[in-house]
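Below is one structure; the comments refer to it alone.
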Amino acid sequence: MGVELGGMEGAGLRNVGSHCSLAEMDDFNLSRLLDKPKLNIERQRSFDERSLSELSIGLARGLDHLDLTYSPGGRSGFDTPSSSARNSFEPHPMVAEAWEALRRSLVYFRGQPVGTIAAYDHASEEVLNYDQVFVRDFVPSALAFLMNGEPDIVKNFLLKTLYLQGWEKRIDRFKLGEGAMPASFKVLHDPVRKTDTLIADFGESAIGRVAPVDSGFWWIILLRAYTKSTGDLSLAETPECQKGMRLILALCLSAGFDTFPTLLCADGCSMIDRRMGIYGYPIEIQALFFMALRCALAMLKHDAEGKEFVERIVKRLHALSYHMRSYFWLDFQQLNDIYRFKTEEYSHTAVNKFNVMPDSIPEWVFDFMPTRGGYFIGNVSPAGMDFRWFALGNFVAILSSLTTPEQSAAIMDLVESRWEELVGEMPLKICYPAIESHEWRIVTGCDPKNTRWSYHNGGSWPVLLWLLTAACIKTGRPQIARRAIDLAETRLLKDNWPEYYDGKLGRYVGKQARKLQTWSIAGYLVAKMMLEDPSHLGMISLEEDKQMKPVIKRSSSWTC
């Protein structure tokens, strides 16, 4: 996949193509390695509170400094008090329905649950790949099970996908990098031979034949969530998990022709998996990249092999945070500055570093940008800025502390100020605004699924509810999340948990949306449980590193 997935041919990989029967192979059973007792660790000071520069000085420290505060009952440690009404909480009738639907979506391998299928919509004419377990789709399901004190399915999923990572991966005779994680996998049951077979998809069956970039990031993030939630260090400590993390990092930290600290990506390699013009340096990938690096930094052992990666991560994090906070950030003052940019500037004194033409600023931005508030724009590259709002990238930036506290507050100010545009009648717009008319024909290749205000082109995705809720809790604005959840509860169950909604306000069930979409169900459950018990936020949130503040002050909206 472009510069990132090439040239990582490793020795010792099984030449099994993209499917094999684990029943017929000497499946190394990683669970045998995990029988060590769980460690309950009392921490005086979490990793999140230590600066990266401190960490880079003390590289000899072991995994005992993992940013972990364990609390029993599957709940993660975070300095937010639990809901005082925890035991008297009266659940919405939708909650029981959601749990029942989520459990129906479970996939079993040799009698053990290993994931949830993307959608249970058997009424649909075409199943396509919605009957598979997707890495990114499973994340909200995993969080729901962790918050409910059921970590085993998450552990099984992490181990199975780690095993699939070890396969030799070929797409049209090209060999993918050793660390690439599958986009999805499927379990085939043979009742006659009584065998279960795993079939993995690394992009060779995907629409557009695009290898996923975000799967590896989500895997690392989920491994940390499991560790934070359970207090079980033994999984992350296994040589297999340590190697899995290093392989993913080797892939995305590899040197290429690009000089930016951001990650260069192919079109369609993330959640927005159709041609929507998010190639290059999309905010979604950069935020996930940043979060995965910080999670890996907390879990990597500081042995001979891990130490090198720790040093590389520390350097990249400093460069990446400066680059993103300085160049991807847009608020009223910065927009006004860009509007007045001079072009064709030369030398290191240039203000318009990327040679952005002021005439390229789309008209909608001037009306969309409130006086107070701001956001990370979709993309920055020479002579081009994608000014669109992308929900997942901005909320992950808040959760990973890629944003400063001031920027986090400004993003939430924007959500409140532009509620009709970004939330409307069904949370939440995946991006804003939609690409229309002639531009839609050019950019999407006339993709009929991505017509304006539909699917990835400005559609509303209920799964994003959990990310909005997590960002609201972290920024101290739970009332925003409650308002969004109330909106979702008026329609989601009645509409049978659709994948997405269409229209400027998200009023209509998506024209090709699958029903009983698992991550819509799980996203709702995670949002509800997080709002009920904010301590759950700890498994998916990282505190700010004080050493990564930018030296540039952009505008007064940073200090709302």
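All values below come from the heavy atoms of this structure, side chains included, with hydrogens, waters and symmetry mates left out.
The OH atom of Y226 sits 14.0 Å away from atom CZ of F157, with the distance rounded to the nearest 0.5 Å. Between M291 atom CE and F217 atom CZ the span is 13.0 Å, to the nearest 0.5 Å. Between the SG atom in C252 and the CG atom in L288 there is a gap of 11.5 Å [rounded to 0.5 Å]. Taking CE from M299 and NZ from K228, the interatomic distance works out to 11.0 Å, rounded to the nearest 0.5 Å. Taken to the nearest 0.5 Å, the OH atom of Y524 stands 13.0 Å off from the CG atom of L102. Distance check: Y281 OH to L263 CG gives 9.5 Å after rounding to the nearest 0.5 Å.
Side-chain polar atoms of S408 and T403 form a donor-acceptor pair below 3.5 angstrom. Side-chain polar atoms of T230 and K155 form no donor-acceptor pair below 3.5 angstrom. A donor and an acceptor atom, one from each side chain of D214 and S270, are nowhere located under 3.5 Å apart.
Contacts of Y508 classified as ring-ring contact (aromatic ring centres under 6.0 Å, His included), with partners at least two apart in sequence or in another chain: none. With sequence neighbours left out, the side chain to side chain contact (heavy atoms under 4.5 Å, CB included) criterion links I153 to L106, P113, F138, F145. Taking the ring-ring contact (aromatic ring centres under 6.0 Å, His included) definition, one finds that F134 meets it with nothing, sequence neighbours left out. Contacts of T116 classified as side chain to side chain donor-acceptor pair (under 3.5 Å), with partners at least two apart in sequence or in another chain: S141. Remark: F390 engages no residue in a ring-ring contact (aromatic ring centres under 6.0 Å, His included) (not counting sequence neighbours). Considering only residues two or more places apart in sequence or on other chains, K504 meets the salt bridge (Lys or Arg N to Asp or Glu O under 4.0 Å) condition with none of them. Not counting sequence neighbours, the partners of W389 by the ring-ring contact (aromatic ring centres under 6.0 Å, His included) test are F395.
With contacts defined as side-chain heavy-atom distances shorter than 4.5 Å, the pair L492/Y501 qualifies. Annotation: side chain of L392 is not in contact with side chain of I272 (no heavy-atom distance under 4.5 Å). Put simply, the side chain of V526 does not reach to within 4.5 Å of the side chain of T469, judged on heavy atoms. Taking the side chain as every heavy atom from C-beta outward, W466 and I540 approach each other to under 4.5 Å. Within the 4.5 Å cutoff, no side-chain heavy atoms of Y130 are placed close to those of I117. Side-chain contact between L399 and L542: absent, with no pair of heavy atoms (C-beta onward) separated by less than 4.5 Å. The shortest side-chain heavy-atom distance between L143 and M529 does not fall under the 4.5 Å cut-off. Using a 4.5 Å heavy-atom threshold, the side chains of M245 and W219 count as touching.
Annotation: side chain to side chain donor-acceptor pair (under 3.5 Å) contacts involving residues 422-434, sequence neighbours excluded, comprise E425-R507, K429-S460. Within the structure, salt bridge (Lys or Arg N to Asp or Glu O under 4.0 Å) pairs that include any residue of residues 414-424 comprise E416-R477 (at least two apart or interchain). Among residues at least two apart or in separate chains, there is no salt bridge (Lys or Arg N to Asp or Glu O under 4.0 Å) pair with a member in residues 391-402. Every pair passing salt bridge (Lys or Arg N to Asp or Glu O under 4.0 Å) that includes a residue from residues 436-451 is listed here, sequence neighbours excluded: R274-D447, E436-R452. Applying the salt bridge (Lys or Arg N to Asp or Glu O under 4.0 Å) rule to pairs touching residues 386-396 yields D386-R388, sequence neighbours excluded.
Remark: K528 engages E489 in a salt bridge, criterion side-chain N to carboxylate O under 4.0 Å.
Annotation: E363, atom CD; neighbour count of heavy atoms from other residues, nucleotides and ligands within 6.0 Å does not exceed 12.
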